[in-house]
Amino acid sequence: MAVQITLPDGSDREYPDGVTGADVAASIGARLAKAAVAVKVDGEPRDLSRAIEADSAVEIVTENTEAGRHIMRHSAAHVLAQAVLDRYPEAKFAVGPPIEDGFYYDFEVETPFTPDDLDSIEARMAEIIAADQPFEREVIAAPDAEAMFHDQPFKIEIIQGVDESEGAGGTEVSIYRNLEFADLCRGPHVPSTGRLSAMKLLRSAGAYWRGDENNPQLQRIYGTAWESKKELDAFLNRREEAAKRDHRKLGRELDLYSFPQELGSGLAIWHPNGGMLRKVIEDYSRQIHEDFGFVFVNSPHVAKAKLWQTSGHLDFYSENMYPGMELDEGEAYRVKPMNCPFHVLVYKSQARSYRELPLRFSELGAVYRYERSGVLHGLLRVRGLTMDDSHTFTTREQIADELATHLDFVVTLLSEFGFTDFEADLSTRPEDKWVGELDLWETATNALRDALVKAEVPFQIAEGEGAFYGPKIDVHIRDAIGRRWQMSTIQVDFSLPERFELEYTAPGNDRQRPVMIHSAKFGSVERFIGVLVEHYAGALPGWLSPIQATVVPVADRHDDYAGEVAAAFRAAGVRIHVDTTDETVGEKIRRAITHKHPAVLVVGDNDVERHSVGLRLRGDDTERRGVPLEAAVEELAEAFAAPR
RNA sequence: GCCGGGGUAGCUCAGUCGGUAGAGCGACGCACUCGUAAUGCGUAGGUCACGGGUUCGAUUCCCGUCUCCGGCUCCA
């Protein structure tokens, strides 16, 4: 007997019966065998030590691939559990999957782990790894597994879950064993613990069993594992680099905004530089809205509770709303968490004709949302935010064109801020609870899909994930270091027009109900700025920089000329300031560079005489001397011009 | 909200096994007037987050509050 194995390059090889993945790897090459952590047999990951019974396509999974690291991290999670149970025999262990860049394991223990505990656990893991214990797979009947894990309630629950999902009775589960430690696991695993030397525990945290806060809270330990010390160090280094981009830290360094404790959680104040950044972004927002045919409306921060009752927010959104207040004779008011009811009232302020539609209302509206204290995070999750919010009222016939326009708008806007890597989620009708007409849902959903295809935005369909009142598109971007952020949304709404009994007069003089499209392009101005700052690591593109250029007079006899230079730039629309502080030239330049100013202009005796400047642009560590002033003004005005 | 870890000068941090605190940067003053990433000297600046308790004495120990950081989706 022999098995025929097809390798990824298409070649076929014969192997004797009982051949293992490890044998196949060894037969191809010693280096491959050394790097192998598992195999894929007909696409299914398996242990290297398992015999390959039938003819199949085999691919060796090596440690330097994502699939390989995934397996290593899964194995590292086992070792973590093993170490914890060694140290805390009474601990109950729950689940321990690999995640992006690492792994975790959840435990129920008497007292939460301290940082010292983590050191001790990591030391025990190092011993297990040094002992190079082999991972051994075993398949046993579910009832036997329940007996084996009789004092491990989470494992019992998992075993019973396997029963439910795969049909009760006669079900088998696999377990992995290394020495005295055994864990329920689908596998595969690395051959032995010795493969996990580049490993580090990172932190502990509370986490609810199965992510549900009604369940007991477990103690989660996070760790990371890589194929080599070098890769581990590179990862730790990347984390440090990411920390340097933290918009909260950069916000302070660049004097953009702050979160004073006196103010309140989740609330920011904007300093002059941040105020300028907001102005530039808000000016841009107004301009592009105008360019895409939107008109501007405005609304107050509070409204009668009855309005929120009509809109449905008190029924569906009240947990995110600030508590009510009473005015006059017991009239209840609420602070707005959204702008939509106001824009609806603008629509209702007069009888509408089909000739006016689509009607696109836009507002940079400050809204307030109650977020749980634990989820607040800098500008990225706040309790007071400014939405570049719009509400478009269309006829049914116009929906498709209108959605395409909105997507075009969003993509144009994100591109002009330098984001190029988009992904979208298309959320479709929920199964059970929804309003409106089925064919309208289909029309709108298809229109959203067509728009995505036409705009060439890669997307996934989030089946049934839509709101009850209509389908939507969420647009995500990837930032400079690969993180994914949700930015824009385009949300169709069949419900609000119904609730507010919106109408327009159609050509046949009959009354029709419009459809609404909610859309936020930045999401929130605050959050958008947070993402921008992190994406650019504070070095905002010239058109966005609050200070675009600094003039450095060489000595104070050049201050007057420096003022003339600044005036010339200002006249051309460049945001410039003169550094007249009593410092050396080197220090003033260093200061401008560390504050990420896009241009530094040094002026000295030669420049006064020749009416020129020394010009140094950000990212360039050389300078150009004696550039004629007019030429420099023209160059920077062009380089720093806003896209619209 | 829940779990863990923090809160000391404007910022970054050290320190106090209970005897009211220190550095660097920044700010301010003086000198220097300088050509592309830190000139020198000096001065000021702290209710050690807030409230209570223990103590002869609390920034330090205990309790509570506020606040910040990390985590709470990724199906053995």
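The chains referred to below are lettered A, B, ... by the order of the sequence lines, with proteins before strands, and numbering in each begins at 1. When reading the values below, keep in mind they use all heavy atoms of this one structure, side chains included, and skip hydrogens, waters and symmetry mates.
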Quick one: the side chain of Gln217(A) and the base of C2(B), do they pair up donor-acceptor inside 3.5 Å?
yes
So does Arg210(A) get a side-chain nitrogen or oxygen closer than 4.0 Å to the phosphate oxygens (OP1/OP2) of A76(B)?
no
Please produce a list of atom pairs where a protein N or O lies less than 3.5 Å from an N or O of nucleotides 65-67 of chain B.
| residue | atom | partner | partner atom | Å |
| --- | --- | --- | --- | --- |
| U67(B) | O2' | Gln261(A) | NE2 | 2.8 |

Tell me: CZ of Arg372(A) to C1' of G71(B), nearest whole Å?
13 Å
On the nucleotide G71(B), are OP1 or OP2 found under 4.0 Å from the side-chain N or O atoms that Tyr208(A) carries?
no
Base-contact (B) and sugar-phosphate-only (S) positions in nucleotides 28-42 of chain B, heavy-atom cut-off under 4.0 Å, - elsewhere:
---BBBBBBBBB---
Sorted by chain and residue number, the salt bridge (Lys or Arg N to Asp or Glu O under 4.0 Å) partners of Glu587(A) (sequence neighbours excluded) come out as Arg590(A), Arg591(A)
With side chains defined as the heavy atoms from C-beta onward, is the minimum distance between Leu617(A) and Leu636(A) less than 4.5 Å?
yes
Under 4.0 Å, heavy atoms only, any strand: does Tyr104(A) hit a base, just the sugar-phosphate, or nothing?
sugar-phosphate
Are Tyr222(A) and C72(B) close enough that a side-chain N or O sits under 4.0 Å from OP1 or OP2?
yes
On a whole-Å scale, what distance lies between the C1' atoms belonging to A58(B) and G10(B)?
27 Å
Could you grab the distance from atom NE2 of His595(A) to atom CD1 of Ile593(A), nearest 0.5 Å is fine?
12.0 Å
Nearest-angstrom distance from the residue atom CG of Asn214(A) to P of C3(B):
15 Å
Between C1' on C74(B) and CG on Asp106(A), what's the gap in Å once rounded to a whole number?
12 Å
What is the distance, rounded to the nearest whole Å, between atom CD1 of Ile99(A) and atom P of G71(B)?
10 Å
Roughly how far apart, to the nearest Å, are C56(B) and C13(B) at atom C1'?
33 Å
Rounded to whole angstrom, note down the C1' distance from U47(B) over to G52(B).
15 Å
Taking the C1' atom of each, how far is G57(B) from C72(B), in whole Å?
43 Å
d(CZ, Arg220(A); P, C2(B)) in whole Å
19 Å
Which donor-acceptor pairs under 3.5 Å do side chains of residues 264-275 of chain A form with protein atoms, sequence neighbours excluded?
| residue | atom | partner | partner atom | Å |
| --- | --- | --- | --- | --- |
| His271(A) | ND1 | Asp255(A) | OD1 | 2.6 |
| His271(A) | NE2 | Ser258(A) | OG | 2.7 |
| Asn273(A) | ND2 | Leu254(A) | O | 3.1 |

In whole Å, what is the span from the CZ atom of Arg252(A) to the P atom of C69(B)?
10 Å
Find the runs of at least 3 consecutive base pairs, i with j, i+1 with j-1 and so on, that include RNA chain B, using Watson-Crick or G-U wobble geometry with both distances under 3.5 Å.
B:1-7 with B:66-72, B:10-13 with B:22-25, B:27-31 with B:39-43, B:49-53 with B:61-65
Can Lys92(A) be said to sit on top of Phe154(A)'s aromatic six-ring, NZ or CZ under 6.0 Å from centre and within 45° of the ring axis?
no
Span that lies between the P atom of G45(B) and that of A9(B), in whole angstrom
15 Å
In terms of ring plane angle, is the pair His78(A) and Phe135(A) parallel, tilted or perpendicular, where the classes change at 30° and 60°?
perpendicular
If you measure from the C1' atom in U12(B) to the same atom in U8(B), how many Å do you get, rounded?
12 Å
Could you tell me how the ring of His189(A) sits relative to the ring of Tyr176(A): parallel (under 30°), tilted (30 to 60°) or perpendicular (over 60°)?
perpendicular
Using ring centroids (six-membered ring only for Trp), state whether Tyr104(A) and Tyr222(A) fall under 6.0 Å.
yes
Steps toward salt bridge (Lys or Arg N to Asp or Glu O under 4.0 Å) verdict (Lys155(A), Asp183(A)):
CA-CA 9 Å; Lys155(A) 296 297 170 189; Asp183(A) 192 5; 2.8 Å; yes
If I pick the C1' atom on G46(B) and the same atom on C17(B), what distance separates them, to the nearest angstrom?
24 Å
I'd like to know if the side chain of Arg575(A) and the backbone of Pro546(A) have a donor-acceptor N/O pair within less than 3.5 Å.
yes
Round to the nearest Å and state the distance from Leu256(A) atom CG to C11(B) atom P.
16 Å
Pi-cation contact, Phe103(A) with Arg73(A) (under 6.0 Å, within 45°)
no
Between C11(B) and U16(B), how far apart are the two C1' atoms, rounded to whole Å?
23 Å
Non-neighbouring partners of His558(A) that pass ring pair (Phe, Tyr, Trp, His ring centres under 6.0 Å), sequence neighbours left out:
none
Specify the separation, in whole Å, of atom CD of Glu100(A) and atom P of G71(B).
13 Å
What orientation do Phe107(A) and Tyr105(A) show, parallel under 30°, tilted 30 to 60°, or perpendicular over 60°?
parallel
